[in-house]
Amino acid sequence: MEGTGFIIPPAFIMIFGALLLPFLGNAYRQAAIIMLPVLTLFAAWGVPEEADYIAHFAGFPLHPVYVHPFTLIFATVFCIAAFAGGVFGLSLVNKKKLSIAEMTAAYIYAGSAVGATFAGDYITLFIYWEIMAVASTVVVICGNSDGASKAAFRYAALHFIGGVVLLAGITAYITATHSADIGHIDFDIMSIFEKHVRLENIAAALILVGVLINAGAPPFSSWIPDAYPEGSPVGAVFLSAFTTKTSVFVLLTIFAGSQILLYIGLFMVFYGIVMGALSNDLRGMLSYSIINQVGFMVTGVGIGTEMALFGAAAHAFCHILYKCVLFMSAGSVVYMTGVRKTTELGGIFRTMKITLACGIVGAISISAFPLTSGFISKALYMEGAIDAQMSLVWFMIAAGSVGVAALTGCKFIWFVFFAKDSGRRPLDPPFSMKAGMIFVAALCILPGILPQAVYFMLPAQIEYDPNTSAHIISQLQLLLFGCLAFFLLLPLQQRTDTTTLDFDWLWRKFTGGFLLLLERAVFIIFSFITGNALVAYEKVKTEIHRWHGQEGVLARNREIGSSMLFATAMLGAFLVFYYISG
Amino acid sequence: MEKNKIKNVVRIAWGIFAIALIILLGLEPVIHRHTEFGMDGKTLFSAWYGVASGVFLIFLTKLVGWFLKRPADFYNDRRKS
């Protein structure tokens, strides 16, 4: 890589700007909250495509500002999400109901995500990766809910484990290739089971696992529904946008076309739908739906055709927008009612009209209804599956789309705003929260009407029009008849005040019990061993004492004549043996 | 009084929903389906596949719920209850 001149990394504007927030007066702070993402977006768009500023660290050339094929689309949506989240939280900052520490951490988190999209080498990527982990942990802690600190601890533990695995992979990769540059790795999972496995393949496997932990791939997925619902109404919006989608960006850049991702992605799709439908926490439901949506993207990366990869990137863009509006809608409900269980909600459509309207826009977008953002992005990787002639994948994605419409979209709106009347009459949230919601809701509709508004950010121009009459009608049939099944079978789906076991049961319950058992087993074995050892030691001590003690056979005092006789006998025996042996 | 009003609203909503479904079924002959994998080109494929997928996933959720649902205080904190 040939270097170009110095360029300020766009991420620095957001990160260092965020660090100034605690020191600014209220008016300047509000201006900074609005302007930092805007300036970062301008800076990101201002980076020339061929830009590659090279810095040196530990003998390796670093590329802190490098434009990958999918950098533009991801950096853009990260800035939009930060802006929307910032606007959403302004009223709460003014009322001092949102700490400056949380807003600072949220912007550092967002800035690091932008930085990761410009990372041209693994060392830079890892630094941003870990800053994201720390900043997002602070955002979770600032949720101040009963379980926030415990959830934050589990969240941090899993992310640091993921970070260690990623670092091990990066170290192995650099050792094997003598380069830290990020590029496509042609990875086949079977290669690590070969007899003479190559270091590059081990490195790739470790990097993949490290990235998949952050992407929320099972069994390391439960940190999302564990931690995100514990965030504050504003914090959860930020949490929903960056970590998993940065992982999708890395998967697109490094592991495009890896077949293992196809299976992982499809599993995530249905796992997210089913587990989300069982969740009683309204933001828990949405958190599982992140896993489901990232599953669609990972599937697109696994399909590997150009159309599928573009679909995964476009879907990440659209997903961040509609997930933001859904989390804003849910956060508004939590903020105004103080309730997070769907069993305690219902009937609030009467007074939370704007929150409902924005929630509906988010729900139809995530369901991929025509003329919404989800429709124009999902269409791309459906086309990708057709290009690759993957019929089973195509049918499964179609079934997954129905599941999202029925069990996420319909369920969220129905059980939170309608269903049985909870008797609560909360108003819509404060002005800035409404403004943030409406802004993102509008952005969910815009790409549905003008798909090129998203497509133009993809690495190559595509001449695909998803808004054909045949496509719109067949998609409406698919989704509305899926919703029909939901409403007809509503009696089967009544809310229950329960929690659902997930993979984290292994380390939250099973491991605790297992360690207790292990401790007892170790104690018993140790007692057995030490008990026997003591008995053996006593025996040895007695024997030694018998032979060498004060009155021992070998230690007794003897007369000098006896000793001389013993020595003469030994010498005589030696002479006899000497002559016999010749 | 309000209960009756809500019941009427629900009836109207169901009516609109039913009309939308009928219109969508009525539009079937108008659209030209692209057959990519055989089955997807059949008449009313999207409609019956939508219903079938929805029903399957709802029953799957019910089944999984039987095995995995626990009391809300299972972990003794307020996570994803």
Side-chain angles (χ1 to χ4, degrees), chain A residues 145-147 150-151 222 225-227 229-230 270 273-275 277-281 284 287-288 340-341 386 389 391 394-395 398-403 405-407 421 469-470 473-489 492-493 496-502 508-509, chain B residues 2-3 6 9-10 13-14 17-18 20-41 43-81:
Chain A
S145 63
D146 295 346
K150 288 179 187 172
S222 51
D226 185 18
E230 303 295 345
F270 293 100
I273 291 171
V274 170
M275 296 298 286
L278 290 170
S279 179
N280 188 31
D281 188 310
S287 302
Y288 274 114
R340 46 193 279 189
K341 292 181 178 180
I386 292 170
Q389 282 299 297
S391 57
W394 189 89
F395 284 113
S401 303
V402 176
L407 294 173
D421 186 7
S469 58
I473 290 169
S474 60
Q475 182 76 356
L476 279 174
Q477 283 184 352
L478 187 76
L479 300 180
L480 285 182
F481 277 89
C483 294
L484 176 68
F486 170 80
F487 285 111
L488 289 177
L489 297 175
L492 285 178
Q493 304 171 74
T496 51
D497 188 13
T498 50
T499 191
T500 312
L501 297 187
D502 199 344
R508 295 184 67 183
K509 281 280 181 183
Chain B
E2 201 194 10
K3 269 191 176 176
I6 288 174
V9 172
V10 170
W14 265 111
F17 191 44
L21 295 178
I22 292 165
I23 290 172
L24 282 173
L25 295 178
L27 286 171
E28 180 70 20
V30 182
I31 60 171
H32 173 67
R33 281 188 184 279
H34 298 283
T35 308
E36 302 294 346
F37 303 115
M39 194 166 67
D40 59 319
T43 310
L44 295 178
F45 163 78
S46 304
W48 74 255
Y49 193 72
V51 173
S53 305
V55 170
F56 171 74
L57 286 169
I58 288 165
F59 278 101
L60 179 66
T61 303
K62 194 78 187 160
L63 183 71
V64 172
W66 275 334
F67 288 104
L68 298 183
K69 276 190 176 181
R70 294 291 182 277
D73 60 352
F74 183 73
Y75 289 113
N76 294 325
D77 63 29
R78 287 186 56 200
R79 71 167 295 243
K80 51 178 178 169
S81 50

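Any value given below was found using the heavy atoms of this structure, including those in side chains, with hydrogens, waters and symmetry copies removed. Labels below follow one simple rule: chain letters A, B, ... track the order of the sequence lines, proteins then strands, and each chain is numbered from 1. Since this is a predicted model, take the numbers as computed values, not measurements.
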Quick check on F56(B) against chain A: is it the side chain, the backbone, both or neither that has a heavy atom closer than 4.5 Å? neither
Picking from A52(B), G54(B), A47(B), which has the most non-hydrogen pairs under 4.5 angstrom with chain A? A47(B)
Checking heavy atoms, do the side chain of W48(B), its backbone, both or neither come under 4.5 Å from chain A? neither
Partner chain A: residue of E36(B), K62(B), H32(B) with the largest heavy-atom pair count (under 4.5 Å): E36(B)
Measure the spacing between CG of D40(B) and CD1 of I386(A) and express it to the nearest 0.5 Å. 7.0 Å
Using heavy-atom distances under 4.5 Å, tell me whether A399(A) contacts chain B through its side chain, its backbone, both, or neither. both
F481(A) vs Y49(B) side-chain heavy atoms within contact, under 4.5 Å: no
To the closest 0.5 Å, what do you measure between CD1 (I273(A)) and OG (S53(B))? 9.5 Å
Measure up the W394(A) and F37(B) rings against each other and bin them: parallel (under 30°), tilted (30 to 60°), perpendicular (over 60°). tilted
Would you kindly check if the NZ (Lys) or CZ (Arg) of K509(A) is within the cone defined by 45 degrees around the ring axis of F74(B) and under 6.0 Å from the six-membered ring centre? yes
Measuring heavy-atom distances to chain B, does F270(A) have an atom under 4.5 Å in its side chain, in its backbone, in both, or in neither? side chain
What are the two closest non-hydrogen atoms of T496(A) and K69(B), and how far apart are they? OG1-NZ, 2.7 Å
Separation between CZ of F45(B) and OG of S474(A), rounded to the nearest 0.5 Å: 9.0 Å
Heavy-atom distance under 4.5 Å between the side chains of F395(A) and M39(B), does that happen here? yes
Max heavy-atom pair count under 4.5 Å with chain A, selected residue of L60(B), V10(B), L25(B): L25(B)
Region of A398(A) in contact with chain B, defined by heavy-atom distances below 4.5 Å: both
Note: vs chain A, highest number of non-hydrogen pairs under 4.5 angstrom among V51(B), V64(B), L57(B), V55(B) is V51(B)
Calculate, to the nearest 0.5 Å, the distance between atoms CG and CD belonging to L44(B) and Q477(A) respectively. 6.0 Å
Kindly indicate, with the supporting measurements, whether the criterion side-chain contact (heavy atoms from CB on, under 4.5 Å) is fulfilled by I58(B) and Q493(A). CA-CA 8 Å; I58(B) 288 165; Q493(A) 304 171 74; 3.8 Å; yes
T61(B) versus L407(A), closest heavy-atom pair with distance: OG1-CD1, 3.8 Å
Shortest non-hydrogen contact from L501(A) to Y75(B)? CD2-OH, 3.9 Å
Rounded to the nearest 0.5 Å, what separation is found between the CD1 atom of I473(A) and the CD1 atom of I31(B)? 5.5 Å
Between L489(A) and F59(B) the two heavy atoms that sit nearest each other are CD1-CE1, 4.0 Å
Rounded to the nearest 0.5 Å, what's the gap from CG on D73(B) to OG1 on T498(A)? Could you check? 11.0 Å
